[in-house]
Every structure is written in C-alpha cells, then in structure tokens.
Amino acid sequence: MLPASLKAPLREHLKRMKMVHEKDLSDGWGQVSLHHALDRKYPKASREWRWQWIFPQENRWRNAKTGEEGRHHIDESLVQKAVRRAVMAAGLTKRATCHTFRHSFATHLLESGYDIRTVQELLGHADVKTTMIYTHVLNRGPSGVRSPVDEL
C-alpha cells in the first residue's frame, strides 16, 4: 500500500530512473536480467522501461558469456544497513529492523480501528491467528470499545 504522501516523490524518482535507463540504452547496455522463459517469450523486454527496477544498482552487471550488460536492483542489505544507522543515530535502545516496520504497520492499523481481516490481507497472512498476534499489543479490553452512539 503506497502512502498518498509518497506518490509525488515516487513519480519524481521514476522520472529520474527513466532518464538513467534512457542513458543506459544510448550507451548500449540498458537492460535487466529476466527469467529464461520470459527472455525467450519476449526477447526485447529486458530493455523496455516497464521491466526495469524502481531502485536499480548504481553499477551495472556484465554477463561473461554473452557480454551483455545491465542493472540489477539494489541489494536489500543496503536498506537494512541504512535502518541500522538511523536507529543508532536516533539513540534507540530497543532493537529495530526493517521487519519492525511491518509490526508497527499492523499495530497502527489495528489501533486506528481497521478490522483484523483487512490487516490479515494486507500482511499476506494465510491464517487470521497469525494476525491476531498483533492484538496483544493493543491490550485495551472493554474500555477500547467505542459506542456506536459516539459516531452519530
């Protein structure tokens, strides 16, 4: 789910990445690696804009056998390291990782009154019991229930 506040910055990022891709193409190497079946079915797809990574690596890759060159996505460890640095810079004493954002997301949705089935679907849980783990953090009891009359 993409926050509305990030739509404009993401559009700008995509414009910049498209310019990088077009420059790569003009330099003769603007492609991504596709699964073999897709590569055979759509031989020109690896150079099309719609198949490019949203967050590509700065450096390109080179296939030693074919001589083809292109870009891959940034390594997930870069994001993990950035979160680790931010946690340290903020002076947090509790452990916080990228996965912590997933837990916070679910907890905030439940605190905001979203139903557990919606949260289950957003998180991709097969069983609602997995999603119910997040409800223990709320710990509101009967006092957390709002009367429908308050909505009038």
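With Arg71 contributing its side chain and Gln57 its backbone, the two residues share a donor-acceptor pair below 3.5 Å. Checking side-chain atoms of Gln31 against main-chain N and O of Leu25 turns up no donor-acceptor pair under 3.5 Å. The main-chain N or O of Arg47 is found under 3.5 Å from a side-chain atom of His21 such that the two form a donor-acceptor pair. When atom types are taken as modelled, the side chain of Ser112 and the backbone of Tyr114 share no donor-acceptor pair closer than 3.5 angstrom. Judged by distance alone, the side chain of Thr107 and the main-chain N or O of Ser104 form no donor-acceptor pair under 3.5 Å.
The distance from atom OH of Tyr134 to atom CZ of Arg102, rounded to the nearest 0.5 Å, is 5.5 Å. We find the CG-CZ distance between Asp24 and Arg60 to be 8.0 Å, quoted to the nearest 0.5 Å. Separating the OG atom in Ser33 from the CD atom in Glu69 is a distance of 13.5 Å, to the nearest 0.5 Å. Rounded to the nearest 0.5 angstrom, Lys41 NZ and Asp39 CG are separated by 13.0 Å.
Cluster partners of Met88: none. The rule joins Ile, Leu, Val, Met, Phe, Trp and Tyr whenever side-chain heavy atoms lie under 4.5 Å apart, and it links nothing here. Grouped by direct or indirect side-chain proximity (heavy atoms under 4.5 Å, Ile/Leu/Val/Met/Phe/Trp/Tyr only), Leu38 sits with Val32, Leu34, Tyr42, Trp51, Trp53. Clustering of Ile, Leu, Val, Met, Phe, Trp and Tyr side chains at separations under 4.5 Å leaves Trp61 isolated, with no partner residue.
Partners of Lys23 according to the salt bridge (Lys or Arg N to Asp or Glu O under 4.0 Å) rule, which considers only residues two or more places apart in sequence or in another chain, are Asp27. With sequence neighbours excluded, no residue forms a salt bridge (Lys or Arg N to Asp or Glu O under 4.0 Å) with Glu58. In this structure Asn59 satisfies the side-chain contact (heavy atoms from CB on, under 4.5 Å) test with no other residue, sequence neighbours excluded. Here His35 pairs with nothing under the side chain to side chain donor-acceptor pair (under 3.5 Å) rule; sequence neighbours left out. In this structure, Arg95 has no salt bridge (Lys or Arg N to Asp or Glu O under 4.0 Å) partners at least two apart in sequence or on a different chain. With sequence neighbours excluded, no residue satisfies side chain to side chain donor-acceptor pair (under 3.5 Å) with Glu22.
Shown here for Pro56 and Ile74, the closest heavy-atom pair between the two residues is O-CG2, 3.2 Å. Between Ala96 and Val83, the shortest heavy-atom contact is O-CG1, 4.3 Å.
Within the structure, side-chain hydrogen bond (donor to acceptor under 3.5 Å, both in side chains) pairs that include any residue of residues 76-88 comprise Asp75-Ser77 (at least two apart or interchain).
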Less than 3.5 Å apart, which donor and acceptor atoms pair up between the side chains of residues 117-124 and the rest of the protein, not counting sequence neighbours?
{"unit_1": "Arg117", "atom_1": "NH1", "unit_2": "Gln120", "atom_2": "OE1", "d": "3.4"}
{"unit_1": "Thr118", "atom_1": "OG1", "unit_2": "Asp115", "atom_2": "OD1", "d": "2.6"}
{"unit_1": "Thr118", "atom_1": "OG1", "unit_2": "Asp115", "atom_2": "OD2", "d": "3.2"}
{"unit_1": "Gln120", "atom_1": "NE2", "unit_2": "His125", "atom_2": "O", "d": "3.2"}
{"unit_1": "Gln120", "atom_1": "NE2", "unit_2": "Ala126", "atom_2": "O", "d": "3.4"}

Anything under 3.5 Å between a donor and an acceptor, one on a side chain of residues 9-20, the other on a protein residue two or more places apart or in another chain? List them.
{"unit_1": "Glu12", "atom_1": "OE2", "unit_2": "Lys15", "atom_2": "NZ", "d": "3.4"}
{"unit_1": "His13", "atom_1": "NE2", "unit_2": "Ile54", "atom_2": "O", "d": "2.7"}

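Residues Met1 and Leu6 are members of separate hydrophobic clusters, defined by side-chain heavy-atom contacts under 4.5 angstrom among Ile, Leu, Val, Met, Phe, Trp and Tyr.
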